[in-house]
Number of protein chains: 2
Amino acid sequence: MTLADSAPKLGRKRDLSRDGEILLAALDVLAETGYDGMTIDMVAARAKAGKATVYRRWASKGELVIDAVACMKNANLDVDALPDTGTLRGDLIAMIKPHAIEDSERKLQVMAGLMSMLQKTPELVDAAHAAIIEPRARINRILMNRAKERGEIPADADTETLSLVGPAMAAYRTLMLRKPVDRDYLISVIDGVVLPALGLPRPPQR
Amino acid sequence: MTLADSAPKLGRKRDLSRDGEILLAALDVLAETGYDGMTIDMVAARAKAGKATVYRRWASKGELVIDAVACMKNANLDVDALPDTGTLRGDLIAMIKPHAIEDSERKLQVMAGLMSMLQKTPELVDAAHAAIIEPRARINRILMNRAKERGEIPADADTETLSLVGPAMAAYRTLMLRKPVDRDYLISVIDGVVLPALGLPRPPQR
DNA sequence: TATATACGGAACTGGAGAGTTTCGGATACA
DNA sequence: TGTATCCGAAACTCTCCAGTTCCGTATATA
């Protein structure tokens, strides 16, 4: 037996892909029923697994949820794949794709499901921030900083705050107002709030 | 016995002020622990009441919470008490008072505590909207429409959306980012987002 | 003072769910 | 084929809490 092998000695190897299926199931249940409404049986059933299998891999419901939230982080675009249309408006609107809207809504539902738990579990705040909040804001920040470099918007624009306007309005509309966040709404936020705040003229009409 | 008295026949009159104390206690617990973490014993203890007393007045935990949320609606300013400084910026900044910040934060904590319940209880969406969301947006809308009437901002400005920018940013910062919403932050949102989006120049510095 | 009512407190019931244990079956490896 | 390991299912324990019931007491009315 050579080294460089870190675990399996005898019998069947532990199936790591099973972990991912259970985490995905946990996210589904989390988004649908929230942390308190979620039971381990629900998660196990959705993953076609037994309750014991879940507890063989995570010590408690809380740790499962933390892992599930953390694993959302991976499903992200890399910087090179960002649109580059030449204008900030073009870039921001190119980011509005059906898939992105669905993904965002799901993340917000997960976040809503975690809300009650955030107060008691500080490490969940970090996990949720890294997996849900930051990736979304990061894209806007990059696009705005590009616009800054090419002189399209003032160099002293507060892109740190402005990159959060879209996400904040979408979260507010979804979670508080319970109204749909569709393409038209996102465009109206871009054209009616974000771009004017950056000193760019409103496009002709809408 | 004259008329104009609507109930008591014998014995002790039912103490209506007790209702209010219990509802206030329920809001405290709701803000601190959320709907699922809240127990009727907690509410009763905080109101120095017995559990049975609570159930004598509300049929279930859910109805108690709905009533508690609805009763937040009353603690609101009337339109005549709004500031009128002559400029939109002056009015918006005059609204930032320590009491208003605390009140707003408490409402957001209550809202966070309700989050998990909103999905299953549509009538709570309405109650929360009327008591928490709308009063805050309403003030901004009124101030902005005044500015519109006096010609300070364009007549076609989308005040419906812009009146939600402040509340949305505050909610996002409190509930998602878990950072403090203080006077400086609110001013930076007003000066960096809301006013520029309305075509008003940014004030000299900050 | 007498009485009816509402009170706070405490004991109780029933159900739901977290976490554990057991077991028969499937599967990878020798 | 034999064996060790992991699996899904189900039964189990234990705690917590919604909601109920009961009781001794306080108080407003008469």
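Letters A, B, ... mirror the listed sequences (proteins, then strands); counts begin at 1.
Closest approach to the A:R18 side chain among D:dG8, C:dA18, C:dG8 is made by D:dG8 (side chain taken as heavy atoms from C-beta onward). Of all nucleotides listed (D:dA18, D:dC6, C:dA18), D:dA18 comes nearest to the side chain of B:I40. Nearest to the side chain of A:A52, among C:dT22, D:dC6, C:dG9, sits C:dT22. The side chain of B:Y55 approaches D:dG19 more closely than any other nucleotide in the set D:dG19, D:dA9, C:dA18.
Atoms CH2 (B:W58) and P (D:dT20) sit 15 Å apart, rounded to a whole Å. Taking atom NZ of residue A:K61 and atom P of nucleotide C:dA16, one finds them 15 Å apart after rounding to whole Å. Protein atom OH of B:Y35 is 8 Å distant from nucleotide atom P of D:dA18, rounded to whole Å. A straight line from CD of A:E21 to C1' of D:dC7 spans 13 Å, rounded to a whole angstrom. Put simply, CG on A:D41 is 13 Å from P on D:dG8, counting in whole angstrom units. The NZ-C1' distance, from A:K51 to C:dG19, rounds to 7 Å in whole Å. Separating the CG atom of B:D36 from the C1' atom of C:dG17 is a distance of 13 Å, rounded to the nearest angstrom.
OP1 and OP2 of C:dG19 both lie 4.0 Å or more from every side-chain N or O belonging to A:R56.
Across all strands shown, B:M38 has heavy atoms under 4.0 Å from sugar-phosphate atoms exclusively, and none from any base. Among the atoms of the strands shown, none is found under 4.0 Å from any heavy atom of B:A44.
At a cut-off of 3.5 Å, with distance as the only test, a side-chain donor of A:Q119 or B:Q109 sits close to an acceptor on the other residue. In summary, the side chains of B:D36 and A:S116 do not present any donor paired with an acceptor at a separation below 3.5 Å, with no hydrogens or angles considered.
Taking the charged nitrogens against the carboxylate oxygens, A:E134 and A:R141 do have a contact shorter than 4.0 Å, which makes a salt bridge. Look at A:R57 and A:D67 and you find no salt bridge, because none of the NZ, NE, NH1 or NH2 atoms lies under 4.0 Å from a carboxylate O.
Taking the nucleotide of DNA chain C with the nearest heavy atom to each of B:A47 and A:S60, the more 5' of the two is matched to B:A47.
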Exercise for review: Begin from the C-alpha positions of B:R136 and B:I132 and carry the test side-chain contact (heavy atoms from CB on, under 4.5 Å) through to its verdict.
Suggested key: CA-CA 7 Å; B:R136 211 166 138 68; B:I132 302 179; over 6 Å; no
